[in-house]
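Below is one structure, written out as structure tokens; the observations come after it.
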Amino acid sequence: MRIPKELLALPVIFFVQQLPIVADWGIDLPLIFVVLLGLRRDFPAASAWGFLTGLIQDLLSVGGIGPNTISKTLVGLGASFLKMHVYREKVLTQTFLIFVLSIFHEVFSYLLLRWNNAAPRAEAALGICSRSVLLTTLVGLVVCFFVVRFRRSRYDPATA
Amino acid sequence: MFKFLQKNFSGLFVVFVLAVCVWLFTHRGSNRFYQATNTKTTTLDIWLPVQKTVTYLLGLPENIFNAIQELRNLRQEVGRLQQENQSLRLELSNHHSLESEVARLKQILQLKARLPHLAKIAHIIAHDPSTWNKSFVIDLGSDDGVEPDSPVISEQGIVGRVLETTPKYSRVLLLSDKESSISGIDQRSQVTGVVLGTGRYELRLGYVSANEDIQKDDIIVSSGLGGVYPKGYTIGTVTKRTESENGLNTEIEVVPAVDFAALDYVFVIPPINVYE
């Protein structure tokens, strides 16, 4: 049986995500993973990867299935939908999509937490959201740069 | 006579020159200084620059060769010194880290001596991967006697409490988590309140009347109320106080004493009910 390489990437992503420098700064590496994967998969596969990634994130965090599972499933779906409307093999396009979907993810998570009476106060939430979106987008920019270069060198060496 | 002179001109000239030389030689005693200054100085003035240039030109290849050799040696020496410098810097940095490690371990041991004998040292192995929660996982679990609601502290102050345990690991909910709350007391004025997590780095002191005496830089410690945290451990320092417009409420911002991101080790102390 062939194990998908994305599945092998997940432990690495979550190991890095749980390092203090990443976790305490609010960088969401699983989100970048879900967006980049969603841009190259159809709806069912993208949502499945989103669900799995979010579920692991929630299981490794406080509590069970929570905002990350639901939100990342939707992010996967969103990325898969957007791939039909953009030229995905561009660093800035991918970064922009990470930015947009990161805002969606944070706002949606906050609304879910609020609905569950577990949300922090609005001004604290704004700080958490904005820092997470900004830093995730910056890290996403770097990741996208390498992903695009790698894919060009592999699939289209003429433009690499 | 003229014919004689014409015939022997060369010989006579030689004799004349010799005679002049003899005269000069024999008269040097009487006017040595005068002769030396005029003739020698002129000669030296003409000759020495030539001598100097020739000597310089003759020595030039050797000098160039020596300079190249010296440059090569210098380069090697600089390389060697740079390497030595780097290795010394590395050694120094190792010494510094060892020193700080020793200091930190000393602090940990001092705190361990002050804590109840059941306190356990735990190593932090993972931080919370979610943006909205503040927790971390330690390498002690129920097999090591860790129970839910056990207070977790560091040498700086209170870190949080154990939220859930597995046989080998436990999850610690940090004071800064939005679900966290702890009863605190102002060390100076003895005013009590509840310190609440905000989900961000700073904490908030709530349930305090607007007229209570709490000022900036006051230290907030645990009051022991609530049945989770023992009394007297540092929670943080008041950094900001803002009154609401109607003057009924007050917002007090507290910066935790513990730098959660820099923690490596923590102490898990048994829940308060163990002592009861």
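Owing to the predicted nature of the structure, the values given are computational and were not obtained by experimental measurement. Just so we're on the same page: letters track the sequence lines, and every chain starts at 1.
Residue B/Y207 places its OH atom among 12 or fewer non-hydrogen atoms of other residues, nucleotides or ligands, all under 6.0 Å distant. A 6.0 Å sphere centred on CZ of A/F104 holds more than 12 heavy atoms belonging to other residues, nucleotides or ligands. Atom CZ of B/R104 is surrounded by more than 12 heavy atoms from other residues, nucleotides or ligands within 6.0 Å. The environment of OH in A/Y110 is crowded: more than 12 heavy-atom neighbours from other residues, nucleotides or ligands sit within 6.0 Å. Heavy atoms of other residues, nucleotides or ligands lying less than 6.0 angstrom from CD of B/Q190 number more than 12. Remark: A/F108 CZ is packed, more than 12 non-hydrogen atoms of other residues, nucleotides or ligands lying under 6.0 Å away.
Neither the backbone nor the side chain of A/I21 comes within contact range of chain B, judged by heavy atoms closer than 4.5 Å. Contacts between A/A119 and chain B at a heavy-atom distance below 4.5 Å involve the backbone alone (N, CA, C, O). In this structure, chain A has a heavy atom under 4.5 Å from the side chain of B/L173, while its backbone stays farther away.
For the atom pair CG (A/L60) and CZ (B/R171), the distance works out to 7.0 Å, reported to the nearest 0.5 Å. Distance check: B/K134 NZ to A/S61 OG gives 10.0 Å after rounding to the nearest 0.5 Å. Between B/N133 atom CG and A/N68 atom CG the span is 8.0 Å, to the nearest 0.5 Å. The CZ atom of A/R121 lies 4.0 Å from the CD atom of B/E251; values are rounded to the nearest 0.5 Å. One distance of note links OG of B/S130 with CG of A/L113; it measures 8.0 Å at 0.5 Å rounding.
Looking at A/R131 and B/R200, their side chains never come closer than 4.5 Å, going by heavy atoms from C-beta outward. Here the side chains of B/W132 and A/P120 are in contact, with some heavy-atom distance below 4.5 Å.
No other option in B/I124, B/D128, B/V137 has as many heavy-atom pairs under 4.5 Å with chain A as B/D128. Ranked by heavy-atom pairs under 4.5 Å with chain B, the first of A/C129, A/A125, A/P30 is A/A125.
Considering every non-hydrogen atom in both A/Q18 and B/P129, the closest pair reads CG-CB, 4.1 Å. Smallest separation of non-hydrogen atoms from A/I128 and B/T198: CD1-O, 4.4 Å.
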